Undergrad: 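Below you'll find the structure I mean.
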Amino acid sequence: RDGLATYCLMLGDDALVLSHRLSEWTTRAHELEDEVALANIALDLLGQARMLLSRAASVAGDGADEDSLAYFRDEREFRNVRLVELPRGDFGRCVAGLLVFSTWRLAVLSRLTRSADPVLAAVAAKGVKEVTYHRDYAARWAVRLGDGTEYSARRLHQGFADVLPFVPELFTPHELERELARQEVAVDPAPLRPEFDEVLRTVCTTAGTELPEVSTVGTLAGGAGRHGVHTEHLGYLLAEMQSLARSDPEARW
Amino acid sequence: RDGLATYCLMLGDDALVLSHRLSEWTTRAHELEDEVALANIALDLLGQARMLLSRAASVAGDGADEDSLAYFRDEREFRNVRLVELPRGDFGRCVAGLLVFSTWRLAVLSRLTRSADPVLAAVAAKGVKEVTYHRDYAARWAVRLGDGTEYSARRLHQGFADVLPFVPELFTPHELERELARQEVAVDPAPLRPEFDEVLRTVCTTAGTELPEVSTVGTLAGGAGRHGVHTEHLGYLLAEMQSLARSDPEARW
Amino acid sequence: MDEELHEHFTRTIERDQRVEPRDWMPSGYRRTLVRQIAQHAHSEIIGMQPEGNWITRAPSLRRKAILLAKVQDEAGHGLYLYSAAETLGVDRAELTDKLLSQKQKYSSIFNYPTLTFADIGVIGWLVDGAAIVNQVPLCRCSYGPYGRAMVRICKEESFHQRQGYELLMTMMNGTSRQREMVQDATDRWWWPSLMMFGPPDGDSPNTRQSMEWGIKRHTNDELRQKFVDMTVPQAEALGVRLPDSGLVYNPERGHYDFSEPDWDEFRRVLEGNGPCNAQRIERRREAHRDGAWVREAAAAHAAKQQQRGREAV
Amino acid sequence: MDEELHEHFTRTIERDQRVEPRDWMPSGYRRTLVRQIAQHAHSEIIGMQPEGNWITRAPSLRRKAILLAKVQDEAGHGLYLYSAAETLGVDRAELTDKLLSQKQKYSSIFNYPTLTFADIGVIGWLVDGAAIVNQVPLCRCSYGPYGRAMVRICKEESFHQRQGYELLMTMMNGTSRQREMVQDATDRWWWPSLMMFGPPDGDSPNTRQSMEWGIKRHTNDELRQKFVDMTVPQAEALGVRLPDSGLVYNPERGHYDFSEPDWDEFRRVLEGNGPCNAQRIERRREAHRDGAWVREAAAAHAAKQQQRGREAV
């Protein structure tokens, strides 16, 4: 049961942290329509995070709830992949990151709809529809940027250069994911890599861009986001996100 | 006594918040020498903040100390002027802000050396030497930027345009400052404006620049930083600064 | 011919019928509407900032979702309103330029900072509350597209107002610190909210013409009174004190008496010297500037696509 | 002549005297020194980042002051070392370029992230501790300016190391959460600290030549052993567990035995694939890029001043 709770945290934290980063675009995007779209995606991911954190809390059964998990865990207890922590960057980075994340997550969620855990299966089923839209949004923009101006193609390329180093981590299962995958509760991401590569290849061909060659960001004694080993960016994000909730722990909102 | 404590908070918070902003330059300046210089100034101001917050705590005598005051007050309880909260900006902004702040503070501290409160007088005496250096550093750079390239002159000018709207607040005494000034404990900043203007005029003449015309940033029903009415920037700064201390209130460091 | 058109227009107004985009209208009517709708749209867009300021720090995930959705709705309202303005023959890029160059205004209320999360509740309660009082009559505005946009907007605003009030209720039932936050936020936002109805009727020279044209239905002071009368019992239910010692029920008038807002502050903020004017405009300018290359890319791609389409034919 | 110079150089080394900037030296000696001093200087500068990461979040004002002063000292060390390198005929701008273009390296330890404030203490204790073990012999380096810079640096490093250890002591006497933080940080930094001494002697081809030249005084493995022997009792005093089940005292050798670090991880980090390599370099590039206009302004002003000086004559 602890394993299931932790697995829910992994997928939930991915959504929570990326939702935070996307919500930073509010009042900062190039067009109102895209502010609306990015806020929508942030809201979808926030919704997924809430369901997954609530599920983690109810499975653990230790009196936690979505808010205590979101606001009162420290950085080392967060289980998200590092990709989602990267600072907002420009719109090229945003598009590249969202394309990578949603392509990967869609591959995971679409398998997770067959999870032995009915709640996870239901969350995944809802998520598949949402993340399909996210991926399409990102893919459409990747094409516009790649096929737009020389400058926009360069920004997209740089965006990929910034996020691709974090891709191998997405397909490196934590021991727990492998264990739960054997029980048909979780999805082992490793075999999904070809599907992911294929989607990216298709988008890049349409966009007339090539993915840059990059080095992989290293781990710490094999540990990365899923083990609570994060980038230095996450601490600042959490300091901001948790500041008010922690300023008055007795308060209910 | 409460009045004196609050007055110490005002001058202490000014130093604490600006020290934070200047420390953000660490690893980000254009030359190592200037990273060292900016860190030095940040350290001096941090030292001033510590003495003033400690004095506030001991005068109030309610068990507070410099850390409880720095880390466990909320935004509305901070008494600093809004000028020091402005985001880091570029080096032009940094120089303009530091020149304005240290010219003003030097004028205040040099009067405060004659305070009826011996501790304030001593803190001021030490501060005068430090802030004289800060002002000279800023003035030297203002001249370099103003007299450097066309671009640097423009950046300096923009820096002034960003900070000058916050200058009138510096010379608008809080009721408490006026009251304590009558008791010869505090300094009423209002009469110091001509001295301030004169220094800025001299620097600008040497730098070959003119101060931009700007509108004053407004108050809220007459209230500004000294009343705890801040810019929206301060909340983020405090969230970051206080995050660790608040995560484990029982801890001693 | 011209006279005939004018008469038709006047009759439409008199009969409380709607003027539609293709109908003839006096140029003053058109100008007034463009200015008012644009200002209203800009207010929605700038209004995203004070609330947006708390999205990343919302103290529960539920409140975060509500706030993010609300700010998103405001972007949506801005979009409807820009569309309504476009029916009058201006385009959005032009209006955006006028906002950024400060040739058109937005509601001054958004030039105040949000200092605590209670401000989110109070903005919902007082600011959206005042907006609704202002806007409900606009649903019957003589210009069709504007009136119809307002119907939709008012519905969502009422929803936001209830959410704001509910947040405050929850906070008032919370810790003492939360109750203090609500009182503090109320103290800060009360007077600016009263100013949202504009200057006193004596200083509002355009009101009469707007009322004759069926754009406005009530004077500023009438709406302000309505807002006060509506809000006092809400404050009582909440357990919060409104910061006006002159606020008392006047049984003769059947209304609450209240003190004059500080109209000097109002004018200063309107002229650009509020606490956040520069910051609000700069944020929009920055978004516009930083996003220029993205808009150019989208346009370039669209042009290439069109070119490819033509070549494929 | 050449032979004579060479002999003089060799005798200077053999007698443990100092080579000074104007002395003749073999080009290999000069090259090795430039590379080593530059790498050392870069390490000081890049090393500011992991610690600088906690300045704005230090949990007490005293710790904030200590940390800010320490990071500032590191900038100072970088400056001494760049000066020492300049005595060998290279200039700082050239070395900076080589750092930014990744043609010269810096200590791999700084490619790990600082995840909690305990990392600040552990960096002081283990990383500065290892640096001191590495650097104390360098105070006797055959090249004068480098040796003298190291004397000053080692003094400050010892001070930093004591401050780090004192922070950990305080934390270990604090709350359970603080103790867990210290253990966790120790677990993460232990192996990377051992790697700071470089690859095992068998894989360190340049060591012999450096020792002959009096630049290096001990092999990597000797220094690593020394560090382990020194650190184990400190860990015990602290009450922290070092994460190596193979760590036991070997009475025969009179030293602690310990396990091999993961040399594959070492090589990956060295080749640029550590957790923070890209971030560290990018931060310096950004500072350099963003500061270009300031450097240009300073140069332009200086040139104008000189011109004015000439005209005034």
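So that the names make sense, note that chain A is the first sequence line, chain B the second, and so on, each numbered from 1. Computed from a prediction, not measured in an experiment: that's the story for all the values here.
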Undergrad: Mind listing the closest non-hydrogen atom pair of G222(A) and E265(D) along with its distance?
TA: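 Minimum heavy-atom contact is N-OE1, 4.4 Å.
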Undergrad: For E75(A) and T116(D), run side chain to side chain contact (heavy atoms under 4.5 Å, CB included): C-alpha distance rounded to whole Å, both residues' side-chain angles, the deciding distance at 0.1 Å, then the answer.
TA: CA-CA 8 Å; E75(A) 174 177 352; T116(D) 74; 6.0 Å; no
Undergrad: To the nearest 0.5 Å, what is the distance between CG on D187(D) and CG on L220(A)?
TA: 10.5 Å
Undergrad: Just so I know, are the side chains of R76(A) and E180(D) near enough to count as touching, which here means a heavy-atom distance under 4.5 Å?
TA: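 Side-chain contact under 4.5 Å: no.
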Undergrad: Any heavy-atom pair between the side chains of R82(A) and P275(D) that's under 4.5 Å?
TA: yes
Undergrad: Is the shortest heavy-atom distance from the side chain of C276(D) to the side chain of V217(A) under 4.5 Å?
TA: no
Undergrad: Report the C-alpha distance between Y112(D) and V229(A) in whole Å, list the side-chain angles of each, state the deciding distance to 0.1 Å, and finish with yes or no for side chain to side chain contact (heavy atoms under 4.5 Å, CB included).
TA: CA-CA 10 Å; Y112(D) 291 90; V229(A) 176; over 6 Å; no
Undergrad: Would you say that R177(D) contacts D74(A) through its side chain, given a criterion of any heavy-atom pair below 4.5 Å between the two side chains?
TA: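 They are in side-chain contact.
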Undergrad: Is any side-chain heavy atom of Y236(A) closer than 4.5 Å to a side-chain heavy atom of N53(D)?
TA: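 Result yes, sub-4.5 Å side-chain heavy-atom pair found.
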Undergrad: With a 4.5 angstrom heavy-atom cut-off, could you sort out which part of N273(D) is near chain A: side chain, backbone, both or neither?
TA: both
Undergrad: Please determine whether the number of non-hydrogen atoms from other residues, nucleotides or ligands lying under 6.0 Å from atom CD of E77(A) exceeds 12.
TA: yes
Undergrad: Against chain A, work out which of T114(D), T56(D), N277(D) has the most heavy-atom pairs shorter than 4.5 Å and name it.
TA: T114(D)
Undergrad: In terms of heavy-atom proximity below 4.5 Å to chain A, should E282(D) be classed as side chain, backbone, both, or neither?
TA: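 Interface part for E282(D): neither.
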Undergrad: May I ask you to say whether R283(D) pairs ionically with E232(A), meaning some side-chain N is under 4.0 Å from a carboxylate O?
TA: no
